[in-house]
Amino acid sequence: MVYFESWDEFVTKSVELFRTHPDTTRYVVKYRHSEGKLVLKVTDNHECFKFKTDQAQDAKKMEKLNTIFFTLMTHGPDADISDVSGKEQAEQPQSKKGRGRRQ
Amino acid sequence: MVVLQPDPFLSELTSMYERSTEKGSVWVTMKRSSMKCQARLNKMETKGEAVELRCLVRATDGKKNISTSLSAKEYLKFQASYATVLKAHMHALKKRERKDRKKPAEAEKIPEKAPKKQKKASSKKSSGSKS
């Protein structure tokens, strides 16, 4: 199991792993509130990449990674994820409408 | 393994996070799956039918297992709600401290350098203005 120091490298390697083995790759998130620790793991049962942190800023990065993985898993491994920030912008007006309705 | 619809899954996930605040962990796993067994998949491929891609999400607190399956249409809404749940419960993580420490440290360095230069010109006036 390899723990990555760099977040960007972890994301690049994970996406690459998913694209080569879309049927066996899984993304696991473990959170321990008592220790305030977050551990992310991406594996295809042959290679394993991990990232651990106790920083709140990494939780935000993890949410972006969730978006990336959801897109890849539902649209296929060849899906274009370079527009993740664009998708977030597209989601924001939708979420604003949702908040209005809930109120 | 309890299979739920996306909304009950999120409710149960929320209660898992709430139960695990003092002790325990919460694991959430995401994987692509067509939710069909291998035999059925082979038949579908030979017939030329398109296999629908779904996202399987599982969660456990070490004792209880729950899961749900999302289609391409459901995942956007689920992902927004899931992000909200995470933000609400992952508040034990440390906030940014290093950047805050760097800024006052740099601010201290700059005035330290300045008086050295001004002392050569006129020390009394500059020190008075600074104090």
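The sequence lines fix the lettering, A, B, ..., with proteins before strands; numbering per chain opens at 1.
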**Fill in**
What one should report as the nearest heavy-atom pair of A/F69 and B/M30 is CB-CE, 3.7 Å
**Complete:** Shortest non-hydrogen pair, B/L93 vs A/T53, comes out as CD2-O, 4.3 Å
**Prompt:** Given the rule that I, L, V, M, F, W and Y join up when any side-chain heavy atoms are under 4.5 Å apart, are A/V28 and A/F49 in one cluster?
**Reply:** no
**Item:** Partners passing side-chain hydrogen bond (donor to acceptor under 3.5 Å, both in side chains) against A/E35 (at least two apart in sequence or in another chain)
**Value:** A/R32
**Structural part of B/K77 lying under 4.5 Å from a heavy atom of chain A** = neither
**Fill in**
Interatomic distance, NE2@A/H33 vs CD@B/E18, rounded to 0.5 Å, equals 10.5 Å
**Request:** Could you tell me whether the side chain of B/W27 reaches within less than 4.5 Å of the side chain of A/K41, counting heavy atoms only?
**Result:** no
**Message:** Please classify the contact of B/S20 with chain A as side chain, backbone, both or neither, using a heavy-atom distance under 4.5 Å.
**Reply:** backbone
**Request:** Check the pair A/N66 / B/Y82 against side chain to side chain contact (heavy atoms under 4.5 Å, CB included), numbers first and verdict last.
**Result:** CA-CA 9 Å; A/N66 286 344; B/Y82 176 55; 3.4 Å; yes
**chain A contact via B/H91 - which portion, at a heavy-atom distance below 4.5 Å** = both
**Residues B/V26, A/K30; criterion side chain to side chain contact (heavy atoms under 4.5 Å, CB included); working and verdict** = CA-CA 6 Å; B/V26 179; A/K30 172 178 156 182; over 6 Å; no
**Request:** Please check if atom CD in B/E49 has more than 12 non-hydrogen atoms from other residues, nucleotides or ligands closer than 6.0 Å.
**Result:** yes
**Request:** Measure B/S71 against the heavy atoms of chain A and call it side chain, backbone, both or neither at under 4.5 Å.
**Result:** backbone
**Complete:** Rounded to the nearest 0.5 Å, the CZ atom of A/F70 sits from the SG atom of B/C55 at a distance of 5.0 Å
**Message:** Under 4.5 Å between side-chain heavy atoms, counting indirect links through other Ile/Leu/Val/Met/Phe/Trp/Tyr residues: same cluster for A/V2 and A/W7 or not?
**Reply:** yes
**Message:** Just verifying a value: how many Å separate A/R26 CZ and B/L56 CG, rounded to the nearest 0.5 Å?
**Reply:** 11.5 Å
**Request:** Find out if a path of hydrophobic residues (ILVMFWY) with successive side-chain heavy-atom gaps under 4.5 Å connects B/F78 to B/V2.
**Result:** yes
**Request:** Give the member of B/A72, B/A59, B/S33 that has the highest number of heavy-atom pairs under 4.5 Å with chain A.
**Result:** B/A72
**Message:** So which atom in B/K31 and which in A/T25 form the shortest heavy-atom distance, rounded to 0.1 Å?
**Reply:** CG-O, 3.6 Å
**Message:** On a heavy-atom basis, which atom in A/Q55 and which in B/K95 lie closest, and how many Å separate them?
**Reply:** OE1-O, 4.0 Å
**Item:** Those residues that, when tested against B/R58, pass side-chain hydrogen bond (donor to acceptor under 3.5 Å, both in side chains) (two or more places apart)
**Value:** none
**Prompt:** Is there a side-chain contact between A/M73 and B/Y75, using heavy atoms and a 4.5 Å cut-off?
**Reply:** no
**Prompt:** Nearest heavy-atom pair of A/S34 and B/G24: which atoms, and what distance?
**Reply:** OG-O, 4.3 Å
**Asked** Would the number of heavy atoms belonging to other residues, nucleotides or ligands and lying under 6.0 Å from NZ of A/K61 be above 12?
**Response** yes
**Item:** A/E63 to B/K87 - nearest heavy-atom pair and separation
**Value:** OE1-CE, 3.0 Å
**Message:** Is there a side-chain contact between A/V29 and B/L86 in this structure, where contact means two heavy atoms from C-beta onward sitting under 4.5 Å apart?
**Reply:** no
**Asked** Mind checking whether B/L53 and A/T74 have side chains closer than 4.5 Å, heavy atoms only?
**Response** no
